[in-house]
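Throughout, a chain's letter reflects where its sequence line sits, starting with A, and its residues are numbered from 1. Remember, it's a predicted structure, so these values are computed and weren't measured experimentally.
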Number of protein chains: 2
Amino acid sequence: MEQIDTLVATTRRVRAFEPLYRAGSPFKSLYAIRLGSFKTVVVSEEGREQVTGFQVPAELLGLDGVDNDTHTVTAVALEDSTVCVIPYARLEEVSIQVPALRRQIFRAMSREIVHDHDVMMMLGSMRAEQRVASFLLDLSRHHVARGYAASEFRLRMTREDIGSFLGMKLETVSRILSRFDEDELLTVQKRLIRILNIDGLNAVLSYH
Amino acid sequence: MEQIDTLVATTRRVRAFEPLYRAGSPFKSLYAIRLGSFKTVVVSEEGREQVTGFQVPAELLGLDGVDNDTHTVTAVALEDSTVCVIPYARLEEVSIQVPALRRQIFRAMSREIVHDHDVMMMLGSMRAEQRVASFLLDLSRHHVARGYAASEFRLRMTREDIGSFLGMKLETVSRILSRFDEDELLTVQKRLIRILNIDGLNAVLSYH
DNA sequence: CGCACGGTTGACCTGTATCAAGCCGGGTGG
DNA sequence: CCACCCGGCTTGATACAGGTCAACCGTGCG
């Protein structure tokens with residue numbers, strides 16, 4: 001990230017619910033999130049929509065566009081957000097002279113691939129309850145990594161976004177959160193989550 | 001791929017059902033498939049297994065290992081296969097002087113990310129029948145791209161592998177193939193698939 | 001003020017899992 | 001060479017997770 005800072009041409013603000021870029025639009029830059037959060041959404045030919053991920057500060061957006069010089073997902077801000085714009089042409093240029101930078105990009109892409117595999121596993125082989133638990137534990141881990149308390153955080157996205165990401169309906173997300181609350185694994189107050197029993201949540205993952 | 005040929009240190013043969021590399025083993029090389037086919041499998045801490053993809057000649061294996069110098073998936077040959085071994089250290093070296101090569105690697109990684117997003121959409125928002133149709137149409141497209149007939153091909157993997165990849169049980173895969181057969185969209189004879197009505201299969205994707 | 005949107009909860013329905021039996025084809029050992 | 005076995009596959013009966021439809025609540029915004 002430090003090296004990337006030297007490449008930053010500009011920063012850009014994106015208002016809540018506005019797209020940073022859209023699927024189908026030409027790819028020119030990567031974006032490093034400074035502040036705020038995003039969701040990425042794919043839309044199929046038949047109009048099917050699916051949230052493929054949520055991104056928070058220090059994460060990189062736009063890698064999907066490298067292949068065809070065209071974005072394949074739409075990135076939408078979940079709240080007022082700020083990103084650093086990294087012109088891709090300049091990045092390629094600079095990466096010639098700076099091996100460490102080149103390696104960082106390779107790694108960032110590989111990391112996204114690995115992460116996507118984890119999501120595929122979640123979608124393909126977990127039950128709804130486990131997917132929600134896994135999602136919350138992931139958020140919690142992210143918060144720790146960013147220096148916040150692991151046990152309390154605000155969801156930035158709607159139940160519908162969560163459902164789309166986890167491959168279930170919003171009603172199911174809601175019911176499962178309520179059940180977790182009832183079982184005293186956590187408390188839910190609209191979007192505020194307080195985890196009471198991390199071990200219990202982890203245990204949900206190993207059901208049958 | 002032509003440029004990659006100049007990097008190939010050796011080729012390696014892998015017998016059917018043998019791993020090319022395992023999750024957790026040190027990452028040293030990428031592999032370009034010459035002949036045969038593979039499946040990639042992730043295993044979670046709880047022992048959950050999930051097939052994350054199937055690979056055929058001209059595809060690249062091992063990109064998941066770049067991030068941590070450790071493979072995160074296991075690649076298993078579905079039949080006797082041959083791969084070109086591309087030592088990663090050498091690839092990084094050569095990519096300094098050859099911008100076109102560097103770009104190719106970036107693209108290959110981006111392409112995998114885009115592909116993974118498509119799989120996520122399939123898993124997250126399609127019904128079982130649609131996932132199977134989508135899978136078969138994908139295979140058919142691949143066969144066309146490789147110069148074979150679109151309408152007839154042999155599955156290289158078991159029903160269980162397909163089910164794992166598509167997030168359903170092997171019985172469901174079997175039933176759906178039988179139903180497609182009954183509806184005269186295709187014929188199934190064990191692993192030999194003959195597509196009779198591509199438009200019909202495509203139409204399955206747009207149900208409800 | 002009231003409307004729209006996000007969320008919760010209930011009743012009911014259905015797609016897919018589960019469990020179980022049986023088939024087929026190929027490889028092995030008697 | 002045949003009998004057997006085993007793994008991959010199909011098919012049926014039944015169970016249940018999660019989807020669907022609907023009613024209702026709270027709250028923030030025009």
Side-chain angles (χ1 to χ4, degrees), chain A residues 15-17 39 48-51 54 76 78-80 122-136 154-183 186-193 204-205 207-208, chain B residues 15-17 39 48-51 54 76 78-80 122-136 154-183 186-193 204-205 207-208:
Chain A
R15 298 206 157 278
F17 318 122
K39 66 174 173 183
R48 226 180 279 284
E49 280 196 20
Q50 166 92 10
V51 173
F54 300 107
V76 180
L78 295 174
E79 57 193 311
D80 291 355
M122 186 180 74
L123 289 171
S125 69
M126 287 186 181
R127 310 222 266 92
E129 210 175 44
Q130 304 177 313
R131 277 176 260 163
V132 175
S134 163
F135 173 68
L136 294 173
R154 262 185 69 73
L155 301 173
R156 255 59 232 217
M157 66 298 282
T158 67
R159 301 288 191 264
E160 185 164 19
D161 285 336
I162 298 174
S164 171
F165 177 60
L166 298 180
M168 67 190 76
K169 294 293 156 188
L170 69 295
E171 292 96 325
T172 306
V173 176
S174 179
R175 276 185 238 278
I176 288 173
L177 287 176
S178 299
R179 200 182 314 153
F180 284 169
D181 188 321
E182 204 166 319
D183 294 351
L186 46 76
T187 64
V188 197
Q189 291 163 44
K190 55 181 212 146
R191 296 202 182 171
L192 185 69
I193 303 284
V204 170
L205 297 184
Y207 286 170
H208 166 181
Chain B
R15 299 207 156 276
F17 318 122
K39 65 174 174 183
R48 224 180 281 284
E49 279 196 21
Q50 165 92 11
V51 172
F54 301 107
V76 180
L78 294 173
E79 57 194 310
D80 291 354
M122 185 179 75
L123 289 171
S125 69
M126 287 185 180
R127 311 225 261 91
E129 210 175 42
Q130 304 176 312
R131 277 176 261 163
V132 175
S134 162
F135 173 68
L136 293 173
R154 263 184 67 73
L155 300 174
R156 254 59 230 216
M157 66 298 282
T158 67
R159 300 288 190 265
E160 186 164 17
D161 286 336
I162 298 174
S164 171
F165 177 59
L166 298 180
M168 67 190 75
K169 296 291 156 188
L170 69 297
E171 292 96 325
T172 305
V173 176
S174 179
R175 276 185 238 277
I176 289 174
L177 287 176
S178 299
R179 199 182 316 152
F180 285 169
D181 189 321
E182 203 167 318
D183 295 350
L186 46 76
T187 63
V188 196
Q189 291 163 44
K190 54 178 210 152
R191 297 204 180 170
L192 184 69
I193 304 284
V204 170
L205 296 186
Y207 285 170
H208 171 180

Response to the item:
Here the distance between atom C1' of D/dT11 and atom CD of B/Glu182, to the nearest Å, is 11 Å

Worksheet item: Can you find a side chain N or O atom of B/Lys190 that sits less than 4.0 Å from OP1 or OP2 on C/dC24?
Response: no

Item to complete: Please state whether the base of C/dC5 and the side chain of A/Glu160 form at least one donor-acceptor pair under 3.5 Å?
Response: no

Worksheet item: Over how many whole Å does the gap from B/Arg154 atom CZ to D/dC9 atom P extend?
Response: 10 Å

Response to the item:
Exactly one candidate in B/Arg191, B/Lys39, B/Arg156, B/Arg15 meets salt bridge (Lys or Arg N to Asp or Glu O under 4.0 Å) with B/Glu79; the answer is B/Arg156

Discussion item. Heavy atoms only, 4.0 Å cut-off, all strands: where does B/Leu170 land among base, sugar-phosphate and nothing?
Written reply: base

Worksheet, complete the sentence: Rounded to whole Å, the CD-P distance (B/Glu171 to D/dT11) equals 13 Å

Worksheet entry | Whole-Å distance separating the CG atom of B/Leu123 from the C1' atom of C/dT16 | 15 Å

Worksheet entry | Residue B/Glu171 excluded, over 12 heavy atoms near CD under 6.0 Å | yes

Worksheet item: Of B/Ser174 and B/Arg127, whose nearest nucleotide on DNA chain D comes first from the 5' end?
Response: B/Ser174

Worksheet item: Can you tell me how far P of D/dT11 sits from CG of B/Leu177, to the nearest Å?
Response: 10 Å

Worksheet item: Donor-acceptor pair, B/Ser178 side chain versus B/Ser174 backbone, under 3.5 Å?
Response: yes

Discussion item. Please confirm whether the shortest side-chain N or O distance from B/Thr172 to OP1 or OP2 of C/dA17 is below 4.0 Å.
Written reply: yes

Discussion item. Rounded to whole Å, please give me the gap between CE in B/Met157 and C1' in D/dG7.
Written reply: 18 Å

Practice prompt. Measure from NZ on B/Lys169 to P on C/dC19 and round the result to the nearest Å.
Written response: 10 Å

Discussion item. Within the structure provided, determine whether B/Arg154 and B/Lys190 are in side-chain contact (heavy-atom separation under 4.5 Å).
Written reply: yes

Discussion item. Students often get this wrong, so: under 4.0 angstrom with heavy atoms, is B/Arg191 touching a base, only sugar-phosphate, or nothing?
Written reply: sugar-phosphate

Worksheet item: Is atom CD of B/Glu160 surrounded by more than 12 heavy atoms (other residues, nucleotides or ligands) closer than 6.0 Å?
Response: no

Worksheet item: What is the distance, rounded to the nearest whole Å, between atom CZ of A/Arg175 and atom P of C/dG10?
Response: 9 Å

Worksheet item: Which nucleotide in the set C/dT9, D/dG28, C/dT8 lies at the smallest distance from any side-chain heavy atom of A/Ser178?
Response: C/dT9

